[in-house]
Amino acid sequence: MLPTPASPLRFSRLLLTGAAGYLGRELRPRLKAYCEVLRLSDRHDLGNAAEGEELQITSLENKDQVTTLLQGVSAVVHMGGVSTEQPWDPILAGNIVGMVNLYEAARLKGVQRIVFASSNHVTGFYRQDEVVNTRMPPKPDGFYGLSKAFGEDLAQLYWDRWGIETVSLRIGSSFTEPKDRRMLATYLSYDDLERLVVAALTAPIVGHSIIYGMSDNQTTWWDNTHAKHIGFRPLDSSDGFRPAVEARQQTIDKNDPAAIYQGGAFVKATPHG
Ligand code: 15L
């Protein structure tokens, strides 16, 4: 958690979806500093409400529940839905139907800004020897990445047609530390995740913008040149973890698709039976 809030702006009611998920749990106490009321939703148990929190158990595929969820909300941080490669049915429910329900509810309830947790897996089939920018075509590495590409296109539609602003965050690997060599390039510290989400919530004009979520890592495959207007400045880096990671993973099989493509093991993950 950042010692002082990354922005003095405060929302009257901010909604965090997917609040019981691993990044949702990390953001829950952090986002409180940026709003009067933090509304939290998930399909799973959210524990007890702390002061200034509202809890609403919601299935994203349930249109009526999602419409109720967005009532009275000033902005949304959408971390909900499926966050790994899975069979099509749960992805369809959470990431396709759920996204349509969320944006329809935003339109009906007049919500103006959504921060959407997209993923680096939208472009997971680019190679690790390529640098990708946010205007290059998607190359999803599975159903999950494909569903996030759909989410980004949906956000574009709702901006073009109804003026709802979105920042789509192509989040890298946000964990306490990078677990392997791939994550030396894709690592996003939790403090930088907070900086990224807050920048996306508070940048004055974003339309629909896409930005990769990574710390200031020495190795990088992603170029955020076209997202400078968001004002995200990462202050952490995977570099300090490099000696330990390289000692742990001394060799790489250069014929392994997980070592060739940016999506890593996701390019081999198979829900297809
Ligand atoms: C993601 O999109 C996943 O949600 C997360 O679990 C990580 O695996 C991350 O990508 C990654 O690429 O490391």
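When a ligand or atom number is given, it counts from 1 through the structure's own listing order.
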Which residue owns the protein heavy atom closest to [atom], what's the atom, and how far is it?
atom: atom 5 (C) of ligand 1; result: Y22 OH, 3.3 Å
atom: atom 10 (O) of ligand 1; result: H121 NE2, 3.1 Å
atom: atom 13 (O) of ligand 1; result: S173 OG, 2.6 Å
atom: atom 8 (O) of ligand 1; result: F266 CE1, 3.4 Å
atom: atom 3 (C) of ligand 1; result: S83 O, 3.2 Å
atom: atom 7 (C) of ligand 1; result: F175 CZ, 4.0 Å

N/O donor-acceptor pair under 3.5 Å between R113 side chain and A200 backbone: yes

R13 side chain vs G72 backbone, donor-acceptor pair below 3.5 Å: yes

Validation row, ring centre F266 to ring centre Y261 under 6.0 Å: no

[X] and ligand 1 - part of the residue with a heavy-atom distance under 4.0 Å:
X: S119; answer: side chain
X: I171; answer: neither
X: Y187; answer: neither

Going by the atom numbers of ligand 1, which of them fall below 4.0 Å from some non-hydrogen atom of [X]?
X: R182; result: 11 (C), 12 (O), 13 (O)
X: Y144; result: 1 (C), 2 (O), 3 (C), 4 (O)
X: N120; result: 10 (O), 11 (C), 12 (O)

Ligand 1 contact by [X], heavy-atom criterion under 4.0 angstrom:
X: T186; value: no
X: G172; value: yes
X: K148; value: no

Polar contact flag, side-chain donor to acceptor under 3.5 angstrom, T186-S173: yes

Close N or O approach (T84, ligand 1; < 3.5 Å): no

Closest contact, heavy atoms only, Y212 versus N133: CE1-C, 4.3 Å

R233 atom CZ: more than 12 heavy-atom contacts under 6.0 Å: no

Worked verdict on Y158 versus E104 for side-chain hydrogen bond (donor to acceptor under 3.5 Å, both in side chains): CA-CA 9 Å; Y158 275 74; E104 266 303 281; 2.5 Å; yes

Step-by-step side-chain hydrogen bond (donor to acceptor under 3.5 Å, both in side chains) determination, S189 to D191: CA-CA 5 Å; S189 74; D191 279 355; 5.8 Å; no

Where at least one partner belongs to residues 142-158, residue pairs that pass salt bridge (Lys or Arg N to Asp or Glu O under 4.0 Å), sequence neighbours excluded: E152-R170

Pairs meeting criterion salt bridge (Lys or Arg N to Asp or Glu O under 4.0 Å) with involvement of residues 196-221, two or more places apart: none

